[in-house]
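Before any comments, here is the structure.
Keep in mind that this is a model prediction, so the values were computed, not measured. Counting starts at 1 for both ligands and their atoms, in listed order.
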Amino acid sequence: MSETIAKQLAYRLNAALTNTSFGTEVPEAFVAQIDQAQNRQFGDYQSNAAMILAKQLKRNPRELATAIVEAFDSGDFCETPSIAGPGFINFRLTTSTLQKRLEELLTDPDQLGVAKVDHPQTIVVDFSAPNVAKPMHVGHIRSTIIGDSLVRIGRFLGHKVIADNHIGDWGTQFGMILWGWKNLLNKAALEVDPIPELLRIYREVNAKTKEDESLHKECKNELVRLQSGDEENIVIWKKTIEFSKQGLQKIYDRLDVEFDTWLGESFYNDQLNPLVDELLEAGIAEESDGAICVFFPEDEKMADKPALIRKSDGGFLYATTDLATIDHRITEIKADALWYVVGAPQQLHFAQIFEISKRRGQDAELQFIPFGSILGQDRKMLRTRSGETVQLSDVLDEAVERAYKIVAEKNPEFSEEEKKEISEVIGIGSVKYAELSQFRMTDYIFDWDNMLALKGNTAPYLINAYVRTRAIFRKLGRNFEAGGPIELTTNAEKDLVLKLAQFSETVPAVIADFRPNTLATYLYELATTYHKFWEACPVLKAEGAIRETRLALCELTSQVLSKGLDLLGIRTTEKM
Ligand code: ARG
């Protein structure tokens, strides 16, 4: 498979630069960039290199652009570049380049033109990480869905990726749960379905502690007993974790999300004391009022916010566990990079532990990948009508129910089983896509009608485009057979080939700044381009090379759509 079109154009452009009369003046570090054209009226790709260089060399941008174009070797790759506005250089690909690209893509069904990275890394992605025995709420959906997509894309690009669910299985909530277990538990209810029962006792104790100060202390005592290894409490703790994990697993199965490891906070308990001692010895941490802290005097934002790593009563904190976690991932798992998909409010926490890691001389690449909130129609944090936090499992149920209504109405002839299967794909896919099509820092409004709409930037629209590609082969009565003649004759076909070729430019860009929404936008544009092609170009009624070419375009669109959706963690269906 040859390099992406953008790269090939960039090589030619940079070669041209050195061949101009001002070539010797170009700074050695300067590399001309090629971008996909926003507006295809002037070309398929463009470069603002002449304008950037003009500033650096204090010369006229249009003059530089003209000299570059003169020195540019188009070969039969593209037409002679044109110049627009203050000095943009525009490139239009030749039909033969597009044709060759299409032929190449058809021989690469696994990667579809997307190159694997030259230097694969071992990457741990820390995502989802709900707190045990508390409900996994819709806020966790962002971490789970974004994290899973990054895992999939990282692997597709050739990295070794470990998906780790760092569940909160050692938090203060266990004080309340232990007390509730001993005083409020309904054993029969627990046997029928443990998760709601655990949730009920957690909620009830939580409410009670707000009115009853002494209960607060009792819960704290239960927690201290657990932390000092009390056998009864350890047994209860283990049971609640087991139950919670089973409940979570059901949700993950439904979401099609898999973890390689579930190393929760408690996994690191034994390492906390030696770690704090080591930090003291290294002079990174110091004692302050009986507690152990790390100070950051040189950082404006953290100067008055030390990180607490051991309380004066000997208790450890969230930060201590996270430092031990970094150690484990670097020394045991041998990770080169750690990606944390966690909500924006934890920004300071991660800035601190990353800084401490740096002071310890650890050189793994540490990435905090934050996200904003999900809002209700009232633009406030999403809540149920009674004011409680919305639970993820309820959201998924409702999504599938709503999808079912749409599917059943549209296709009354489908069997009950088909309707159910399809609505699961559409419902879950819609929730995921509503998330992934937004820039992760955006606070987005959770809107059922928008996310399930058949038109617009939605999962149903994309899945429907895929279904359309499959319908052609059902009508044809056979699968696509590669190797036929390729001949592009219309603009709608050429536009589609260009879009398909740009999959290879889009996927690596997602990882550059951890934005799955870049891929979502791409897939939406691909679907739109396909619909236009579909309206303009008869496939089965065409003949000879034209028919073969159009079938090839349907096949490749089908492959790119399903691969692209798969990288977002969204399944497809053959009919809908
Ligand atoms: N359990 C935490 C929460 O629900 C998220 C944990 C994120 N991961 C980490 N290594 N701190 O807020």
Ignoring hydrogens and angles, write down the donor-acceptor pairs under 3.5 Å from the side chains of residues 301-319, residues two or more places apart or on other chains.
from: R310; atom 1: NH1; to: N273; atom 2: OD1; distance (Å): 2.6
from: D313; atom 1: OD1; to: G315; atom 2: N; distance (Å): 2.8
from: Y318; atom 1: OH; to: Q346; atom 2: OE1; distance (Å): 2.7

Please work out whether the ring planes of Y340 and F354 are parallel, tilted or perpendicular, with thresholds of 30° and 60°.
tilted
Could you tell me if the ring centre of F267 sits under 6.0 Å from that of H328?
yes
For N233 and E222, test the side chains for any donor-to-acceptor distance below 3.5 angstrom and give the result as yes or no.
yes
Could you go through the salt bridge (charged side-chain N to carboxylate O under 4.0 Å, His left out) check for K187 and E197 one step at a time?
CA-CA 9 Å; K187 288 237 164 71; E197 177 58 10; over 6 Å; no
Considering the heavy atoms of F350, write down every atom of ligand 1 situated less than 4.0 Å from one of them.
9 (C), 11 (N)
Need the ligand 1 atom indices (1-based, order shown) with element for anything under 4.0 Å from a heavy-atom of H166.
8 (N), 9 (C), 10 (N)
Do any N/O atoms on A129 end up under 3.5 angstrom from N/O atoms on ligand 1?
yes
Measuring from non-hydrogen atoms of F127 to any atom of ligand 1, is the shortest distance under 4.0 Å?
no
Using a strict 4.0 Å cut-off to heavy atoms of V342, name the atoms of ligand 1 that fall inside it.
7 (C)
What atoms of ligand 1 come within less than 4.0 Å of a heavy atom belonging to H140?
4 (O)
Among all protein heavy atoms, pick the one closest to atom 12 (O) of ligand 1 and tell me residue, atom and distance.
Q346 NE2, 3.0 Å
Please work out whether any backbone atom (N, CA, C, O) or any side-chain heavy atom from C-beta onward of D322 is under 4.0 Å from ligand 1, and answer side chain, backbone, both or neither.
side chain
Nearest 0.5 Å, please: how far is CG in L157 from CD in Q121?
11.0 Å
What I want to know is whether E265 and ligand 1 share at least one N or O pair that is separated by under 3.5 angstrom.
no
Ligand-side contact atoms (ligand 1) for residue partner Y318, heavy atom cut-off under 4.0 Å:
2 (C), 5 (C), 6 (C), 7 (C), 9 (C), 11 (N)
Do T573 and I463 have side chains that get closer than 4.5 Å, going by heavy atoms?
yes
State the atoms of ligand 1, each with its element, that fall below the 4.0 Å cut-off from a heavy-atom position in D126.
7 (C), 8 (N), 9 (C), 10 (N)
Taking the inter-plane angle between the rings of F503 and F156 on a 0 to 90° scale, is it parallel (under 30°), tilted (30 to 60°) or perpendicular (over 60°)?
tilted
Looking at D169 and K238, does any basic side-chain N land under 4.0 Å from a carboxylate oxygen?
no
Going by heavy atoms, is N131 under 4.0 Å from ligand 1?
yes
For Y340, the ligand 1 atoms whose distance to one of its heavy atoms is below 4.0 Å
10 (N)
